[in-house]
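Since the structure comes first, as structure tokens, the remarks are kept for the end.
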Amino acid sequence: VQLQAFGGGLAQAGGSLTLSCVASGGTQRRYAVAWFRQAPGKTREFVGSISWSGGSTNHANSVKGRFTIFRDHAKNTVYLQMTRLEPDDTAVYYCAAYDGSPGTTAQTMPQMAEDYTNWGQGTEVTVSS
């Protein structure tokens with residue numbers, strides 16, 4: 001499966017953006033998806049994840065209550081809805097696919113970037129104060 005992330009842009013602090021991660025090719029496979037972000041000069045950090053079914057999600061403490069991950073199988077798309085944005089949310093955002101076992105839940109997915117090999121291209125988010 002190939003992934004492409006869309007939807008980045010410029011937002012003001014307190015504003016909202018929704019990113020999309022669109023899958024193509026091999027979408028009949030069951031894959032979970034994780035979102036990561038990488039700010040300038042920093043390592044890529046886990047933002048959140050969603051299981052294949054969409055029945056379980058997991059969000060990093062830094063975004064919990066502000067960001068929500070959900071997916072639409074009909075559109076082969078996973079979304080990252082970001083609200084109450086802060087300047088520290090400024091980063092390039094990436095989505096990554098994870099095959100895992102049939103019982104993989106969002107909570108059991110890896111949270112280290114090096115555990116993922118199938119990445120979409122990033123989309124840049126800039127939050128101004």
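Small disclaimer: the values here were computed from a predicted structure and weren't measured.
- V127 and L19 fall within a single hydrophobic cluster, where Ile, Leu, Val, Met, Phe, Trp and Tyr are joined by side-chain heavy atoms under 4.5 Å apart, directly or via other members.
- Of all heavy-atom pairs spanning Y31 and R71, the tightest one is O-NH1, 3.1 Å.
- The shortest distance between side-chain heavy atoms of W52 and H73 falls below 4.5 Å.
- Shown here for R66 and L85, the closest heavy-atom pair between the two residues is NH1-CA, 3.9 Å.
- How far CD of E124 is from CG of L10: 10.0 Å, rounded to the nearest 0.5 Å.
- For the atom pair CZ of F70 and CD1 of I50, the computed distance is 8.5 Å after rounding to the nearest 0.5 Å.
- In terms of modelled atom types and a separation under 3.5 Å, the side chain of T83 and the main chain of S16 share no donor-acceptor contact.
- Criterion: ILVMFWY side-chain heavy atoms under 4.5 Å apart, direct or through other members. Under it, V78 and M82 are part of a common hydrophobic cluster.
- Using the six-membered ring where Trp is involved, F67 and Y93 have ring planes that are tilted, between 30° and 60° apart.
- Heavy-atom minimum distance, T57 versus I69: CG2-O, 3.5 Å.
- The heavy-atom pair separating Y116 from A96 by the smallest distance is CD2-CB, 3.7 Å.
- Heavy atoms of other residues, nucleotides or ligands lying less than 6.0 angstrom from NZ of K75 number 12 at most.
- How far CG of L80 is from NE2 of H59: 7.0 Å, rounded to the nearest 0.5 Å.
- One distance of note links CD of E86 with OG of S129; it measures 12.0 Å at 0.5 Å rounding.
- Interatomic distance, M112 CE to R44 CZ, rounded to the nearest 0.5 Å: 12.5 Å.
- The two residues S49 and A106 come nearest to each other via the heavy atoms OG-O, 3.1 Å.
- V47 and V33 end up in the same hydrophobic cluster when Ile, Leu, Val, Met, Phe, Trp and Tyr side chains are linked at under 4.5 Å.
- A donor-acceptor pair is defined here as one N or O able to donate and one able to accept, closer than 3.5 Å; such a pair exists between the side chain of Q121 and the backbone of A5.
- Side-chain contact between V125 and R37 is absent, with no heavy atoms from C-beta onward closer than 4.5 Å.
- Just one of Y98, W35, F36 meets the ring pair (Phe, Tyr, Trp, His ring centres under 6.0 Å) condition when paired with F46; it is F36.
- Between Q107 and S56 the shortest side-chain heavy-atom distance falls below 4.5 Å.
- To the nearest 0.5 angstrom, L3 atom CG is 12.5 Å from S20 atom OG.
- Residues T104 and M109 meet the side-chain proximity criterion, which asks for heavy atoms closer than 4.5 Å.
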